[in-house]
Amino acid sequence: MVKFSDRIDVKYGTIIIGAGMSGLAAGIRLAYYDQPVVILERHTTIGGLNSLYRLRGRNYDVGLHAVTNYATKGTKVGPLSKLLRQLRISWDDFDLSPQKGSVVSFPGHDVKFTNDFAFFHSEVEREFPSQKDGFANLVNAINTFDELDLSQEPVSARTVLQRHITDPVLIDLLFCPLMFYGSATPRDMDFSQFVVMFKSIFQQGFGRPYAGVRQILKKLVRKFKEQGGELKLRHGVQQILVKDSKAYGVILDDGTQLEADHVLSSIGVAETLKLCPGYERIPEESPSFRPGDISFCETIYVIKDQPRDLGHDPTIVFYNRAPEFTYDVPTEPCDLRSGIICSPNNFNYGLDEHGNEILLEEGIMRITALANPDYWLNLDPDAYIAAKENWEQRIYNASLGYMPDFRSQILDIDMFTPKTIKRFTGHLNGCVYGSPVKHLQGKTPINNLYLCGTDQGFLGIIGSMLSGITMANNHILSAS
Amino acid sequence: MAPSDIRQVILDILSRIAPDEDLSNLDDSVSFRQQMELDSMDFLDIVMELRKQYRVQIPEEDYPNLVSMDSTVKYLTPILKDTPAK
């Protein structure tokens, strides 16, 4: 296209805001069908909430503990195979290795699970014999539920569970991993979100690429660029251009104006509306556009040994130390009653040519706890550093009942807080799972402006990519 | 294109949609859905691939013609008869 000024130089079919999993997947679909498409990312790297960085000579992942929705190669149904088909990616490209086995640990109850749902089912029956029939009925209700129906109204998952299960401890125990890995709402979930998470974690299970999140992100970027898509890092959007209730482009941080037929935003519904002149106040005024506030602190420990050599075998431990499990914004800076311990070493990465098990080069332990965004976002710089050190130790000590004491083995430590998440992703409150009210159709009050990613509402790594795909298909490709 | 060319075009599209699928044993008379578990998203992709490659517009009411290889080739033969093979 002819460049007729420094301010307006290109017109795109679609502008995608944010180069996370959902934006990249949407971009691949659009570019594949020959749409002129650009992805704008304010940060210096891709990934959004599932990103990567290098620190003191080591690669770190942020976000991804495990890819949920695991399926073995050749599986023809389910979210992973749907995703691979839509993106024209081979199963081998993601290089997923299955988990060894995880556990939900509550006072008096340890329920293990692997990628074999029958095993988890037998574990629930063993630990909660009186709930055997009720649990079977719940599983049946889950299996017959159509979570892909985008027109459904929210229903309380807790209410549905109470219909089948009478032991409140089992209800909390089932909620624990599902909430930790995807709930934007405190204390309860929408039943359709519960079903998505139940299937993705308990029925399909966990996998991880040997190289971590970069394996997936690299494939997505390569695929996007091969199809002719443009990716612009360090290109933040300061305003979405709207005229007659219709989006027609964006203004970048440096003042450059880009026009497009469609704008697809992955940055969150409140974050998106705040960029639209005349619509900035909607998130404060309307509860259905309010940003979420569930966030976490996580410490990543690099240690000398493989965790299993210290006696730690589980892939992921979801623990709760209190009589009841509380998933909510804590009143304290971090919630010490519950947490997640993830060891990326404890996946089955297969055997090398000599028949030896393939291991990660160093031991890694990641410990995650619910955090209070207000506290972490409002500390002055010195107090922030001191608070990180203090809470790192307190979360570590609270986790010691569920892992060996490896403090003497530590080679390096890094910790993120809600402040880190806000700084690098732009999500208000450092929120991880998006707005409490999801916008399943991906529509906004503005025409030609659509949502994908956490606030549209498909969850997890595979879900986020399917979100981008589905929104690109429904709003842009089927319209063209 | 002759029916045999059209069959190859469809095979190429299917192998792009499902790169891990072994298509050498595809039974032309049995539905794609049954053999490959294709869903509505995949059928939309077959339609869009045809549009992308050969500028063929397939109206939504004709989608049932794409159920199996035999029915797809039969449906596309008159539409693509003057289109050269690539």
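Chain letters run A, B, ... following the sequence lines, proteins first and then strands; every chain starts at 1.
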Quiz item: With the threshold set at 4.0 Å, does a side-chain nitrogen-carboxylate oxygen contact exist between D42(B) and K82(A)?
Solution: no
Quiz item: Measuring heavy-atom distances to chain B, does L87(A) have an atom under 4.5 Å in its side chain, in its backbone, in both, or in neither?
Solution: neither
Quiz item: For F458(A), does its backbone N or O pair with a side-chain atom of K438(A) as donor and acceptor, under 3.5 Å?
Solution: no
Quiz item: With the threshold set at 4.0 Å, does a side-chain nitrogen-carboxylate oxygen contact exist between R29(A) and D45(B)?
Solution: yes
Quiz prompt | Row check, Y32(A) ring normal vs K52(B) NZ/CZ: under 6.0 Å, within 45° | solution = yes
Exercise. Output, in order, the C-alpha distance, side-chain angles, deciding distance and verdict of salt bridge (Lys or Arg N to Asp or Glu O under 4.0 Å) for K76(A) and E21(B).
Key: CA-CA 9 Å; K76(A) 294 179 186 184; E21(B) 193 81 27; 3.1 Å; yes
Quiz item: Taking non-hydrogen atoms and a cut-off under 4.5 angstrom, which of residues 32-40 of chain B neighbour chain A?
Solution: Q35(B), M36(B), E37(B), L38(B), D39(B)
Practice problem: Using a strict cut-off of less than 4.0 Å between a Lys/Arg side-chain nitrogen and an Asp/Glu carboxylate oxygen, indicate whether E49(B) and R88(A) qualify as a salt bridge. | Solution: yes
